[in-house]
Structures are given as C-alpha cells and as structure tokens.
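Worth knowing before you read on, the calculation uses all heavy atoms, side chains too, and leaves out hydrogens, waters and symmetry mates. Proteins come first, then strands; the chains are lettered A, B, ... in the order of their sequence lines, and each starts at number 1. Note that the structure is a prediction, hence the values are computed from the model and not measured.
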Amino acid sequence: MSEEPVVNGVGGTDEQTDNLDDANAKKTVKYDSGAADLEKVTDYAEEKEVISTDDISGAMTIIGDRRLKEAADKIAKEKELQKVSIKKSDVELIIREMEISKTLAERTLRECHGDVVKALIALTN
Amino acid sequence: MPSSQPLPPKENSLFKRILRCYEQKQYKNGLKFAKQILSHPKFSEHGETLAMKGLTLNFLGRKDEAYEHVRRGLRNDLTSHVCWHVYGLLQRSDKKYDEAIKCYRNALKWEKDNIQILRDLSLLQIQMRDLEGYRDTRYQLFMLRPTQRASWIGYAMAYHLLNDHDMALKILETFRKTQMVSAPFDFEYSELLLYQNMVIQESGGVLDAIKHLDMYKENIFDKLTVLEIYGSLYLKMGEYHLATLCYEKLLRRNQENTPYYLMIKEAKQLHNDECVYNMLCGYRKKFPKALAPKRLCLTFASGNAFQSEVDSYLRAGFHKGVPPLFVDLRSLYKDKHKVQIIESLLEMYVNNLTNFSSFDSEDTSSKEPASALLWVYHYLAQHYDYLNDIQKALTYIDMAIAHTPTLIELFVTKGRIFKHAGDAYEAYKWLDEAQGLDTADRYINSKCAKYMLRANLIKEAEETCSKFTREGVSPMENLNEMQCMWFQTECALAYQRLGKWGESLKKCHEVDRHFTEIIDDQFDFHTYCMRKMTLRSYVNLLRLEDVLRSHPFYYRVARCAIQVYLHIHDKPPTDASSSNEMDTGNLAPGQLKKMLNKQRKAQRKAQEEKAQALAAQEKRDMHKNRQQVTNTSDEADAMPLDELLPEKLERVEDPLEQSIKFLKPLQELASDNIETHLMAFEIYYRKDKLLLMLQSIKRSHRIHPDHPMFHSCLIRFMEKLLKLDNIQEEMQLVLNKQLEPILGGMSAADINSQFLNKHQKSLPALVQGLKMKYKLDNCSQKEVLDQITKLDDSLEDVNIQTCSDILNSLMNGEFGEVGDIAEEYRKTCYKRFPLATVFHTDQDRSPMAFWSNSYKTLNETHENCVSN
C-alpha cells in the first residue's frame, strides 16, 4: 500500500498506478466512511438465487392476472376521461388563473365533465 | 440486440476488460484498455468504447471530457443500449434524474430485458417517487428473475408504497413460505417478518397482525419491538388487560420511558387525573430510583397533593443542584393554580434558607448546602421571566450572580431575560460573558453566536463560531458545508433585519439546498436497504423524505425568503449601493443608536470583504472562461449548482415567482399551518390572481376564521374585488359561490365592525381590524387612532411585537398623517416595556440609567422583605 497521504480520495492523477487507486479507495473508506461503506456493501455482490421455481408458479399466475386487470382498469378510466370534450379556452383560463400545468388542468377539467366552474372550485379547495 | 459496430474477438475481449475494470473501480486500467482499442485506426470512433471511456473519466473527476466522450460515443452508435445506459449513468451522477430516466428508457428500447438497466431504472423511479413506473419495472424484474430474493421484496414493496396492501401481503407471504430458516439467529428473516407485520397493521388487520405475531414471535429477535407492537395492537383491540401486561413488561425493561406510563393510563382506562396520580404513585413505590413516575405525578396531581409533591420534587432538585429544573417543570405553568403554589413555596425557601440554611423554618436540623439558595434564586429568575415580570427576574438573577459569580448558567439566564425584555444587544453581552467563562464549551459558544445574530452582529458571530470550525477555511463556508442550519437561518433573519436582502436570500437558498441534498442522499439506500433487509426502516426513510420540507427548519427560512422576496417586489432595490445602506424604516431609532457603531464597523468590514470576494469571483470566472474556451463541448459548464451571489439574488426579475418556489413545499407539506396560506395570499394579492387568492382565503378560513391576519386578508380581498369590474363570467361565478359561506352576504365594513366587536380585548386582532377600518373609510382616522394607541390593562396579548408593529404603521403612514401621535405612542410603549430597544430614541436617557433607578428601589424593598 502506498503511504502517500490522500485526503478524501482527491488526488490520483494519470501517472499513478492501480496500486494507488486501491489505496485511494481504502482511504476514502476511512475518511467518509458512511457513503464509502455503503458503496462497499452495495457493489460486487450478485443476488443469490434463493427460490426454487416450483414454489412460485402459482404466485406468478396470481400476479399475472392481477397485472392484466390493473392495466385494463387504467385504460378504461383513461378512455372514459378522454371521451369528455373540453373547451380549449377553459383549459387556458384554468392554466392562467391557477398557475398549474396543462396536463393537470386538462385532467381536472375532464374529471369535472368539462364544467369549468366546478373544476375551478375543485382546484381552489 | 448486437451492436451496430461489432468488434473482432481480440478487441471485444479488451472491451470486456474495460467493463470489468469499471466494475472493480480500476479506472486507470480501464483507460489503458480503452486506449488500446481506440488507437486501432479502424475502431477509433467505436461508440461503446468511447462511452465507457467517458464514464471511466467521470469517476476520475474529469467531468467535461466525460461528457464529450459519452456524447461522441452515442452519436457514433445510436442503437447501442450500452451507449444509452452509460449516458444515463452519467446524468444520474449529476443528479439529473429525469434525463437519466429518459436515457434508460432509450437503452431498454434496444435491449428490453437487460437486468442491469432495469435495476438502475427502478432506482431512479423510486428516487423520483414514480411509484407506478417503479411497480412496472419491478414487475419486469420479477418476471425475469423470479428466483431472486430482491425481485420479490422489491415487487411487494412497490405495492405497499402504492397502498395496495392485499397484493403486497400476497407476494410477501408467498415469498416467506419459500424461506428456510437457515441459521439459528437469522436476522434477515426476523426483519422480513417484522416488515410483513408492518404491512398487515397498515392494512388495518389488527387481529391478523396479532395472529401473525403469535405465530412467528419465536423467529423475531427484536423482542422490544415485538412487545411494543403487541401493546399497541391490544390497545387498539380494546384488550386492556393484555395491553397493561405488555406495558408493565416493557416498564421492567425501561422505567424512564414516559410514554409507557401514559399507555398504561390508556390501558387502564383512567380518565380521572386523580386515578392516574394514584396509579403513578404505585409505580413510584415499585421503581424508587426512577425519575419518570416522580415527574409525571406532578402533571396529574392537583391541590394539596400537588403542593406536597412539588415541594419534595423542588427540594430534591435544589439540594442536588439541577440546572434545568425550571425547564423540567415549565410545562406545569399552563395551570395558573400550580404556578401560585410553586411561587409561594419558592418564596418560603428563600426566606428559610437565608435565615436557617434549611428549607423548613420549624425543623431546621437538616442544613442545606450553600448552593441550594443559589439554585432557588436561579429558578426564581426564570420563573419571573416566564411570567414577564422582568424587574423581579433581574433582581433574582443578580442576587444569584452576587452569590456565585462564576456560574455560567446564571449569565445565560440573565441574557435570556434581556432577550425577552426586547434588548438583544444587552442579551448578547451577557452571553458573551458566559462564553468567556468557558471557551471550550461548544454549547455556550453556539448559544453566544446565536445571541450575537439576534443582535445583528453577524461578523462577530462568525468569529465566535470559528473557535470550533475547521482551521484554514472560512467559518461561514465550513458552517455551510456542515449543514449548520440554525446558524444560517439566524444569519438570514439578521440580514433581513438589516435590510441586506441579497445576503439574506443567499442564506435562505443555502438552507434550501441542504434539504435538496438530504433528499439526494437517500439514493444509496435504495439498494442498500433492500439487500440488508432493513425494510421497515427503509419504508420509514422514504416516508420521511417525502415530507422532509415540513421540518420547522425549512419553514423558518421559507418564511424569511418569502418575506424578503415580497419586500423586493414592493420596493425594488434601485442602485448598487442601496443594499449596503441601512434600512432605517425597519429599526426603531433607539435600537439604531445603540447598534450604530457596531454596525458601521461591521459594514466597513463587510464591504472590504465583499470587494475581496468580488475579486476572487472575477478570478474564478476568468478561470472558468478559460476552461470553457479550451473545451469544445457546448455544455461543458454543467456545474451542478450556480454560485449564489447576493447582488444577483437581490435583483431577480421575478421575485414573486421566486417566492412561490419556497411557498410550494409549504402548501404541500404544511397546509395545516395558517401562516402558509396567509403568505400565499400576500403573494397572489400582488400578482392579482383572484382564484389563487380565493384558494388561500378558503384554506385559512378553514383553519382559523378568527385569525387577525386572515381578517386583514379577507377585507383586502373584498376591496380588490370591488375595484375590478371586468372579471370573467365563469370566475365571477366561482367567486360568488365560494365566498358566500364565508361572507354571509355582508359588506366589508359590516364584517370589519363585527370583527372589532368580537375581539375588543385582543390587541393583535384590534390592530388588524382598525387598520382595515381606516383603509375602508379614511374619515375614521381620529377614532381609529384613539383606539389603537390605547394601551390599558384590560387588553390581552399585549407584547413587544404587536406594539412595535403599531408604532411602525403609525410612522410609515398607514394611518395617514398622524402628527406627534406616533411619538406619544412610542413613549407609552417605552413606559410599558422600558428595556425594549425598539421603543428607545436617541434623546432617551440611557435605558440602563432608567433601569438602575427603579431597580435599586426594588432591590431595597426586596432586601427589606428578606431581612424582615
């Protein structure tokens, strides 16, 4: 190990050898141990395989079904919302007065079935 | 998908070695291999190699070159997942998480099942709290690697965070079944069980949670937590007997844990204070050495029982010499009756200790040490300070100091008394005295610095702190680096008082950045906690980070920043010198006089320093420019943070927009604090955003409809509405509908007089009501002035803050031309608060001279009392 003092892992220019690189790493561990320790632990370790495949096929199907249902629900809700027709001027009014993003303005307006007064009341709550 | 630029076997193995070097942090070697590939003329523009070289350079601190290489690599090979992944990693290391997510998504387009990219993506999604995206990514990881533990845990946690407890529990339970208990002390399995229990509890299944514990408690090694969970679950279920048993077991482990006693009170269903008191007496007998039950007895005892309890508690404290005795008992002072009992006991002690060196006058056999009297004096000083009897407080603290002139606590108390009396400068002097008695004490050092800042002595405070900051660095910088938020907040407030708006904003932004940094710091924990199975702590961490800016530290600086930005909006700074001139409007003349010399000195110093800083800044800029010239890349200056320059901050073009940045977190996280909405109103009032004003009005009305400032906002809002006539139809509709329940069809004048009638006794309410009265009708000036300058004893909540607010509004013309009424009012206040520097003028006698007269007479009377 190199004895050269290295503070906080600074240093390390082109000429230095790998050896010093390692030394740097070590020193870093010493100086800001928290973050460096974390790194030491999180790196290298590959996940061990813990579960045999037999156990999980059942669970996989439950999870798969659930996923499909979730996706379907979401699409249905989005579709429902997209059906609502909204006026561009209403959206602009909401954006201007409430200072919110266009997406949020449109969404609120759709959720209120295009009723701008209702949407504004909802937003001022 | 294979790369569009395949490498022949020799180069390919070199490339693999670059990857390995990167993983093992052997960056120098990695560069060597990259050079070997790139020096081959055929592959000098090989995209993936260039990208990897860039990534390696980034970890060697050569950021600009890194970006250049990675971008060049990407341009040469746009269909390579490696190049996109690397670009994402680079963005991530610069905390540009949104950009990084986009890069990962591009990478996944070309290699949709790449585990490493999916993992990195999931980390960013949880960091950005894109929980649905996180769930989807975890699902993909789960399907790709169903045999790995992290796949299960991560997927379950995604559902837990989305509050889908059923699904989370299903996954966890299936996973748990596959777990074999391998070691006799399998800590990770124990943590998994506790996490599972946490999810069950959050799903509302109290009974299920108990069953779960019953079944697995043998495998859980955190026995304390198991007991505590049992206790709270039994309480929720109404199984009071079992709950009591749990908490008694816990008490045997730790008798000083106050909440346990309160839980037993719950469990025993004791609603009557006397019963609680009796129960506590039982525990006091059982644990004679424990302090907690003794102290709790005082909270629940009353009348004679309280008298004898507090008597022995105080005697023990004074006998032993417990410096924070008053702080310990302060919460009892809510009860006026208890205050009286304590006070009479204290007076008795003073008498008996002076005459017989004993607490008793009849049985004087047990002599107390001389220090007992000292501690009684010290306590009395704090006692009277709390009750706002400044004269008595000062008398006692001086008697204590005369008794023992070397006790640091006494000087701190004396300083605190002056602070409460409104003389920050005198307060600081006593703290400095205290600090001088023990310069190696960090607590007293910090306390002194804080008092200096309260007295607007920023330079001095910095110097004081420098005794404990790292040598060779400027203390200010070091304190910023150490995230010393209390110091920076007090600095911001001091600069605000001095009217140095830019400097104040700088401090506010520094603190804001600390909060951002804390949020960024959670990144490492996403992988670490999953691997270590500390899942409960991890979920708690995520929840803490979600509401981080609700912390009072943030609230204080955000409020300061918003106030400063509002001021900049109202009175934009004119020329360069204005920031250095003192804003005399904010300081009462007395205060001004007192601090003038100090400030002048400090200012001169500050100016010199500023000149130096500017010079240094120029140098740095030049350096940066030179760097930029040498760099061909257009975005080479991708510095993560801009430097905060007071001059720039003070001259922002959109102070209101800036203030909204500080407001937003408060609206989201501190929406139950009325001040949040009152500040929001002030901002939107200046922006003329009617509906956003309405929003603040509605929200504050819901929290506290009688708040004086809310009243002021409401009246001003109504005024504004009257003045505007071209309000869009839809908006008018919304306004009418929403204001109806608040106004009840009344006019502004009606509401105001109703408010004034309702709050005749409260000064802060009167101030706002009268201000509005004048605003609505200028003819009422005489009447308003008569009422507002009255300062008799029937009024409540009379304090320095409110009175100085009145004085300021009289002086700055809020009530029109008032003649010498302001001066008259100042004198009235001066009489009421003789020490408060805000009411002093140059012509006034030195406050100490005034003080020492009344003080002497008081001393004499007291001595007479004592000797009698």
Side-chain angles (χ1 to χ4, degrees), chain A residues 9-22 24-25 28 34-35 37-39 41-60 62-64 66-67 70-71 74 89-90 93-94 96-100 115-125, chain B residues 21 23-29 31 60-61 132 135-136 139 142-143 145-152 155 159 164 167 170-171 173-175 177-180 521 524-528 531-532 657 660 684 687 689-699 702 728 730-731 733-735 737-738:
Chain A
V10 188
T13 42
D14 288 329
E15 306 88 309
Q16 282 168 324
T17 54
D18 318 331
N19 226 350
L20 201 60
D21 251 1
D22 284 351
N24 268 348
T28 315
D37 274 349
L38 266 176
E39 228 175 303
V41 182
T42 45
D43 281 0
Y44 304 134
E46 194 30 54
E47 269 296 321
K48 38 182 181 182
E49 309 263 319
V50 281
I51 303 163
S52 69
T53 22
D54 315 339
D55 293 336
I56 51 175
S57 49
M60 300 267 287
I62 303 174
I63 289 163
R66 176 60 177 258
R67 289 277 312 170
E70 257 165 31
K74 207 175 160 189
S89 62
D90 288 347
L93 175 73
I94 295 179
R96 193 179 65 239
E97 285 303 320
M98 300 308 297
E99 302 195 338
I100 53 175
D115 184 338
V116 69
V117 174
K118 256 192 200 159
L120 286 173
I121 289 178
L123 284 169
T124 56
N125 274 333
Chain B
C21 287
E23 272 167 26
Q24 298 178 355
K25 300 200 168 78
Q26 297 177 349
Y27 302 125
K28 297 277 144 51
N29 277 352
L31 286 183
L60 291 170
E132 299 198 351
R135 181 193 58 198
D136 295 346
Y139 171 72
F142 177 76
M143 295 313 270
R145 285 281 187 281
T147 52
Q148 280 181 2
R149 197 175 70 171
S151 305
W152 288 80
Y155 195 39
Y159 279 103
D164 187 342
M167 193 63 185
K170 250 182 225 158
I171 301 169
E173 181 58 20
T174 321
F175 174 61
K177 279 186 195 146
T178 65
Q179 292 290 292
M180 290 298 141
D521 284 345
D524 295 330
F525 291 95
H526 300 313
T527 37
Y528 179 78
R531 201 181 296 284
K532 288 276 148 190
E657 297 305 322
I660 289 176
Y684 294 123
K687 289 189 78 180
K689 292 285 177 193
L690 289 178
L691 291 180
L692 285 164
M693 281 150 77
L694 174 71
Q695 183 185 54
S696 333
I697 290 281
K698 276 165 72 180
R699 288 175 180 173
R702 215 172 301 152
Q728 210 172 320
E730 291 94 339
M731 281 170 59
L733 218 66
V734 175
L735 286 166
K737 248 191 190 165
Q738 296 295 295

Other residues, nucleotides, ligands: >12 heavy atoms within 6.0 Å of A:Lys118 NZ:
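No, the 6.0 Å shell around NZ holds no more than 12 heavy atoms from other groups.
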
Relative to chain A, which of B:Ile697, B:Leu694, B:Val734 shows the most heavy atom pairs under 4.5 Å?
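Of the options given, most contacts go to B:Val734.
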
What part of B:Glu132 gets closer than 4.5 Å to chain A, counting heavy atoms only: side chain, backbone, both or neither?
side chain

Check whether B:Glu730 gets within reach of chain A through its side chain, its backbone, both or neither, counting any heavy atom under 4.5 Å.
both

Can you find a heavy atom in the side chain of B:Glu657 that is under 4.5 Å from one in the side chain of B:Lys687?
yes

Note, B:Ile660 side chain near B:Tyr684 side chain (heavy atom, < 4.5 Å)
yes

Below 4.5 Å from any heavy atom of chain B, which atoms of [X] appear? Answer side chain, backbone, both or neither.
X        : result
A:Val116 : side chain
A:Asp90  : side chain
A:Leu123 : backbone

Using the rule side chain to side chain donor-acceptor pair (under 3.5 Å), only one of B:Arg699, B:Lys698, B:Gln695 pairs with A:Thr124; which is it?
B:Lys698

Shortest non-hydrogen contact between A:Arg96 and B:Gln728, atoms and distance
NH2-OE1, 3.2 Å

